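We count ligands from 1, going down the list as the structure has it; atoms in each ligand are counted the same way. Keep in mind the model is a prediction, meaning the values are calculated, not measured.
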Amino acid sequence: MTTSWRLSVCGALLGWLVLATAQAQELPIFDAHIHYSRPDWQVFIPERVLAILNQAGVQRALVSSTPDDGTLQLYAAAPQRIVPFLRPYRTREDMGSWPSDPAVQAYVEERLKRGIYKGIGEFHLSATQAEAPTVRRCAELAAQQQLFFHAHVDDVTVAKLLRLYPQVRILWAHAGMSAPAATVGQLLEQSANLWVELSMRFDVASGGRLDPAWQTVFLKHPDRFMVGTDTWITSRWDELVSGMQSVRSWLNQLPRDVAERIAYGNAERLFGNPK
Ligand SMILES: [Zn+2]
């Protein structure tokens, strides 16, 4: 056996070990905030979207789209990996008017007949719209069909929704976008029907270091958080892989069991395992 041959065997073995260790450490991710909306369809075919998710180590994703046909395209391409949520927007113009729009209500009722959805949303809402007719009807349907709400609302509105619709479980998009960690913790203590996803919350680890206030609520409520991207515009797909690397780097600053729950365990428990 020559020295160089031995060295190359050692090198290969070492390379394999490094790779195996990296793979063992790499957390799988359930991305709890993906959209595949009309402008994305021209740029990324479903196979390309799935390739981006693969590259990011995202095994499953909660998807809602404007219009919903985008979600159906991804679901058809990979039913085991896509958890469909029904977004009550046919176009972006529905975003402000949907709470009182009977046509949106008809769209939601018709679409839900497919029976594939785990929730309604992501939707936007102000506190004054929380009791509007289409919102009330969606809450009724959600209660009947055990669907989540995926709500992009502020802390006042999420508290109001929890109070008005105690039968509906709520996934709070972006932790309200700006609600402080302590407020999020208080709301979690007040309601057992609330879960929180952290897409676009760069304050969780600005500069790469996990913020102590967030760390406190994660350790106190490890079963209530998820991570996500939010591909709200097409360019967000280009940032998905690097975004998930940043998320993994703060997850890795938590105890492994907590990191695993936030990375994918909580979402898997709530939205079911692949069939
Ligand atoms: Zn969104």
Side-chain angles (χ1 to χ4, degrees), residues 29-41 43-44 46 49 52-53 56 58 60-75 81-99 104 107-108 111 117-127 129-130 134-135 138 142 147-155 157-158 161 168-179 184 194-204 225-244 246-247 262 266-267 270-271:
I29 297 284
F30 184 114
D31 192 315
H33 197 140
I34 290 287
H35 306 291
Y36 182 54
S37 295
R38 190 181 294 281
D40 304 335
W41 306 348
V43 184
F44 301 113
V49 164
I52 294 171
L53 296 180
V58 171
R60 298 185 76 209
L62 186 166
V63 179
S64 67
S65 311
T66 310
D68 178 56
D69 287 353
T71 300
L72 296 184
Q73 287 183 57
L74 288 190
Y75 185 67
R81 297 183 64 186
I82 303 302
V83 174
F85 268 46
L86 176 57
R87 191 168 222 204
Y89 304 163
R90 298 155 301 171
T91 67
R92 278 187 74 85
E93 282 64 52
D94 284 335
M95 198 181 280
S97 54
W98 79 273
V104 170
Y107 174 80
V108 167
R111 290 264 166 178
Y117 302 98
K118 298 281 186 182
I120 299 173
E122 179 208 14
F123 57 70
H124 302 73
L125 201 63
S126 66
Q129 296 171 311
T134 302
V135 182
C138 284
L147 305 173
F148 279 78
F149 269 0
H150 189 194
H152 179 150
V153 297
D154 64 17
D155 51 346
T157 311
V158 84
L161 289 173
V168 181
R169 292 174 294 174
I170 296 179
L171 176 61
W172 193 13
H174 319 289
M177 202 58 108
S178 58
V184 175
L194 182 64
W195 286 265
V196 177
E197 56 89 347
L198 298 159
S199 58
M200 310 288 287
R201 287 307 297 258
F202 306 109
D203 58 317
V204 167
F225 288 95
M226 301 174 201
V227 296
T229 299
D230 193 3
T231 46
W232 65 280
I233 43 169
T234 305
S235 62
R236 290 284 296 153
W237 286 103
D238 297 322
E239 297 158 13
L240 197 150
V241 171
S242 63
M244 272 308 157
S246 310
V247 165
I262 297 175
N266 295 333
L270 290 166
F271 306 129

Peer 1: With under 30° as parallel and over 60° as perpendicular, where do the rings of Phe149 and Phe123 fit, or are they tilted in between?
Peer 2: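 Taking Phe123 first and then Phe149, their aromatic rings stand perpendicular (interplane angle over 60°).
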
Peer 1: Under the rule for side-chain hydrogen bond (donor to acceptor under 3.5 Å, both in side chains), what residues qualify as partners of Trp237, not counting sequence neighbours?
Peer 2: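 Partners of Trp237 under the side-chain hydrogen bond (donor to acceptor under 3.5 Å, both in side chains) test: Asp40.
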
Peer 1: Considering residues at least two apart in sequence or located in another chain, which fulfil the side-chain hydrogen bond (donor to acceptor under 3.5 Å, both in side chains) criterion with Ser65?
Peer 2: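 If we apply the side-chain hydrogen bond (donor to acceptor under 3.5 Å, both in side chains) test to Ser65, skipping adjacent residues, the hits are Thr71.
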
Peer 1: Only one of His33, His174, His35 passes ring-ring contact (aromatic ring centres under 6.0 Å, His included) with His152; say which it is.
Peer 2: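 Among the candidates, only His174 passes.
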
Peer 1: Restricting to under 2.8 Å, identify the protein N, O or S atoms around the Zn ion (ligand 1) as residue plus atom.
Peer 2: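 Protein N/O/S atoms under 2.8 Å of the Zn ion (ligand 1): His33 NE2, His35 NE2, Glu122 OE1, Asp230 OD1.
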
Peer 1: Among residues at least two apart in sequence or on other chains, which ones pass side-chain hydrogen bond (donor to acceptor under 3.5 Å, both in side chains) with Ser126?
Peer 2: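 Partners of Ser126 under the side-chain hydrogen bond (donor to acceptor under 3.5 Å, both in side chains) test: Thr128, Gln129.
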
Peer 1: Measuring centre to centre across the rings, with the benzene-like ring taken for any Trp, is Phe44 within less than 6.0 Å of Tyr36?
Peer 2: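 No, ring centres 6.0 Å or more apart.
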
